[in-house]
Student: 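Please read through the structure below; I'll follow up with questions.
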Amino acid sequence: MRPKTLAAVAELTLQGDSFERCLANFLDEFYTAPMANALGEEPKSLAAQLGESGQIKDAYLAATAEELARDFNLPFPAWAGAEGRKLHRPWFASSLASLRAVLLLESPVGFRSRNLFVSENALSRA
């Protein structure tokens with residue numbers, strides 16, 4: 001099943017599916033037909049069940065919502081601005097210290113503002 005909303009990505013993740021695969025499938029669906037309702041419903045918190053990795057995923061979902069809303073001129077979903085969707089410590093998409101400077105520079109604003117540092121094409125699909 002391909003999730004059509006970010007809320008569905010969270011739900012499938014809570015059911016044991018791979019967050020990365022669900023998010024990639026969501027992006028494939030979204031890019032086919034970008035719509036505000038794909039971003040509007042607040043995803044369930046993953047932090048309660050998944051701990052620190054869930055906090056990262058919660059922030060990642062919010063950053064994704066912000067970036068997609070900006071890129072497609074859609075309304076910013078209010079839930080994405082919640083303090084619980086931000087990390088207190090920086091998280092880098094790569095554990096290689098040599099890539100950290102690149103990630104600091106490239107990270108889109110929606111990710112950077114949540115202390116997530118990813119490549120500039122983190123939401124790209126082939």
Side-chain angles (χ1 to χ4, degrees):
M1 177 178 125
R2 295 183 107 167
K4 297 189 184 325
T5 67
L6 288 174
V9 170
E11 188 61 44
L12 290 168
T13 301
L14 287 170
Q15 293 172 14
D17 210 334
S18 161
F19 176 79
E20 292 78 10
R21 182 176 57 241
C22 289
L23 184 62
N25 286 337
F26 163 78
L27 290 171
D28 288 341
E29 288 290 321
F30 182 84
Y31 291 142
T32 300
M35 296 191 315
N37 65 344
L39 311 175
E41 180 184 350
E42 182 173 5
K44 289 182 182 175
S45 173
L46 300 173
Q49 186 172 328
L50 303 177
E52 186 177 343
S53 74
Q55 291 172 340
I56 294 164
K57 290 170 176 65
D58 285 341
Y60 208 101
L61 289 171
T64 299
E66 179 178 338
E67 287 300 313
L68 293 176
R70 180 180 296 109
D71 290 348
F72 291 90
N73 199 28
L74 298 170
F76 178 80
W79 64 266
E83 194 60 34
R85 300 271 179 182
K86 297 176 183 175
L87 299 178
H88 298 290
R89 293 184 335 201
W91 177 86
F92 292 87
S94 173
S95 59
L96 295 174
S98 60
L99 288 179
R100 286 189 175 189
V102 172
L103 296 176
L104 283 167
L105 289 172
E106 286 188 356
S107 195
V109 67
F111 287 86
R112 197 174 328 118
S113 68
R114 289 171 178 80
N115 241 347
L116 292 166
F117 298 95
V118 299
S119 65
E120 64 187 341
N121 63 353
L123 298 179
S124 295
R125 299 292 297 148

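All heavy atoms count here, side chains included; hydrogens, waters and symmetry mates do not.
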Student: In Å and rounded to the nearest 0.5 Å, what is the CG to CZ distance from L103 to R112?
Tutor: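 Atom-to-atom, L103:CG and R112:CZ are 11.5 Å apart.
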Student: Can you check whether L68 reaches F26 side chain to side chain, under 4.5 Å on heavy atoms?
Tutor: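 When only atoms from C-beta onward are counted, F26 and L68 do touch, with a gap below 4.5 Å.
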Student: What distance do L12 atom CG and L23 atom CG have between them, rounded to the nearest 0.5 Å?
Tutor: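 Those atoms lie 11.5 Å apart.
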Student: I'd like to know whether L87 forms a side-chain contact (heavy atoms from CB on, under 4.5 Å) with L116, so could you lay out the CA-CA distance, the side-chain angles of the two residues, the decisive distance to 0.1 Å, and finally the verdict.
Tutor: CA-CA 7 Å; L87 299 178; L116 292 166; 3.5 Å; yes
Student: Identify the heavy atoms of A62 and A80 that sit nearest to each other, and give their distance.
Tutor: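 Looks like CB-O, 3.6 Å.
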Student: Going from CH2 on W91 to CD on Q55, what distance comes out if it is rounded to the nearest 0.5 angstrom?
Tutor: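 Going from the CH2 atom of W91 to the CD atom of Q55 covers 13.0 Å.
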Student: Run through T13, L14, I56, L50 and flag the one making a side-chain contact (heavy atoms from CB on, under 4.5 Å) with F19.
Tutor: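 By the side-chain contact (heavy atoms from CB on, under 4.5 Å) criterion, F19 pairs with just one of T13, L14, I56, L50: T13.
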Student: Can you list the residues that meet the salt bridge (charged side-chain N to carboxylate O under 4.0 Å, His left out) rule with D17, with sequence neighbours excluded?
Tutor: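 Only R21 meet the salt bridge (charged side-chain N to carboxylate O under 4.0 Å, His left out) criterion with D17.
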Student: Would you please test L39 and W79 for side-chain contact (heavy atoms from CB on, under 4.5 Å) and show each step?
Tutor: CA-CA 10 Å; L39 311 175; W79 64 266; 5.5 Å; no
Student: Between A47 and D58, what is the shortest heavy-atom contact and its length?
Tutor: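 Nearest heavy atoms, A47 then D58: N-OD2, 3.1 Å.
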Student: Taking atom CG of N73 as the centre, report whether more than 12 heavy atoms of other residues, nucleotides or ligands fall under 6.0 Å from it.
Tutor: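 Count not over threshold, so no.
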Student: Can you name the nearest heavy-atom pair linking L99 to S94, along with the distance?
Tutor: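 Residues L99 and S94, closest heavy atoms: CD1-OG, 3.4 Å.
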Student: Any salt bridge linking R85 with E42? Criterion: basic side-chain nitrogen under 4.0 Å from a carboxylate oxygen.
Tutor: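 Between E42 and R85 there is a salt bridge, with a charged N closer than 4.0 Å to a carboxylate O.
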Student: Which of these passes ring-ring contact (aromatic ring centres under 6.0 Å, His included) with F111: Y60, F117, F92?
Tutor: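 So, applying the ring-ring contact (aromatic ring centres under 6.0 Å, His included) to F111 and each of Y60, F117, F92, only Y60 qualifies.
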Student: Would a hydrophobic clustering, with Ile, Leu, Val, Met, Phe, Trp and Tyr connected at side-chain separations under 4.5 Å, put M35 with L27?
Tutor: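 Hydrophobic grouping puts M35 apart from L27.
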Student: Kindly compute the distance separating CG (L123) from CZ (F30), expressed to the nearest 0.5 Å.
Tutor: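 Here the rounded value is 10.0 Å.
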Student: Is it true that atom CZ of R89 has more than 12 heavy atoms of other residues, nucleotides or ligands lying nearer than 6.0 Å?
Tutor: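 Open.
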Student: Return the minimal non-hydrogen interatomic distance between P3 and C22, and the atom names on each side.
Tutor: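 Where P3 meets C22 most closely, the heavy atoms are CG-O, 3.3 Å.
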Student: Please tell me if the side chains of V118 and P108 come closer than 4.5 Å, counting only heavy atoms from C-beta onward.
Tutor: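 Yes, their side chains come closer than 4.5 Å.
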Student: At their closest point, which heavy atom of G110 faces which heavy atom of A63, and how far apart are they?
Tutor: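 G110 and A63 have their closest heavy atoms at O-CB, 3.3 Å.
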Student: So which atom in R125 and which in Y31 form the shortest heavy-atom distance, rounded to 0.1 Å?
Tutor: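 For R125 and Y31, the tightest heavy-atom pair comes out as CG-CE1, 3.9 Å.
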Student: Can you list the steps and then say if T5 with E29 is a side-chain contact (heavy atoms from CB on, under 4.5 Å)?
Tutor: CA-CA 9 Å; T5 67; E29 288 290 321; over 6 Å; no
Student: Quick one: CZ on R114 to NZ on K86, what's the gap to the nearest 0.5 Å?
Tutor: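 The CZ atom of R114 sits 6.5 Å away from the NZ atom of K86.
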Student: Nearest 0.5 Å, what's the OG1-NZ distance between T64 and K57?
Tutor: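 Interatomic distance, T64 OG1 to K57 NZ, rounded to 0.5 Å: 12.5 Å.
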Student: For the side chain of E106 and the backbone of E120, is there at least one donor-acceptor N/O pair under 3.5 Å apart?
Tutor: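 Yes; at least one donor-acceptor contact below 3.5 Å.
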Student: Do the non-hydrogen side-chain atoms of E66 and S113 ever get within less than 4.5 Å of each other?
Tutor: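 Yes, side chains in contact.
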Student: Given side-chain contact (heavy atoms from CB on, under 4.5 Å), test D28 with R2 step by step and report yes or no.
Tutor: CA-CA 9 Å; D28 288 341; R2 295 183 107 167; 2.7 Å; yes
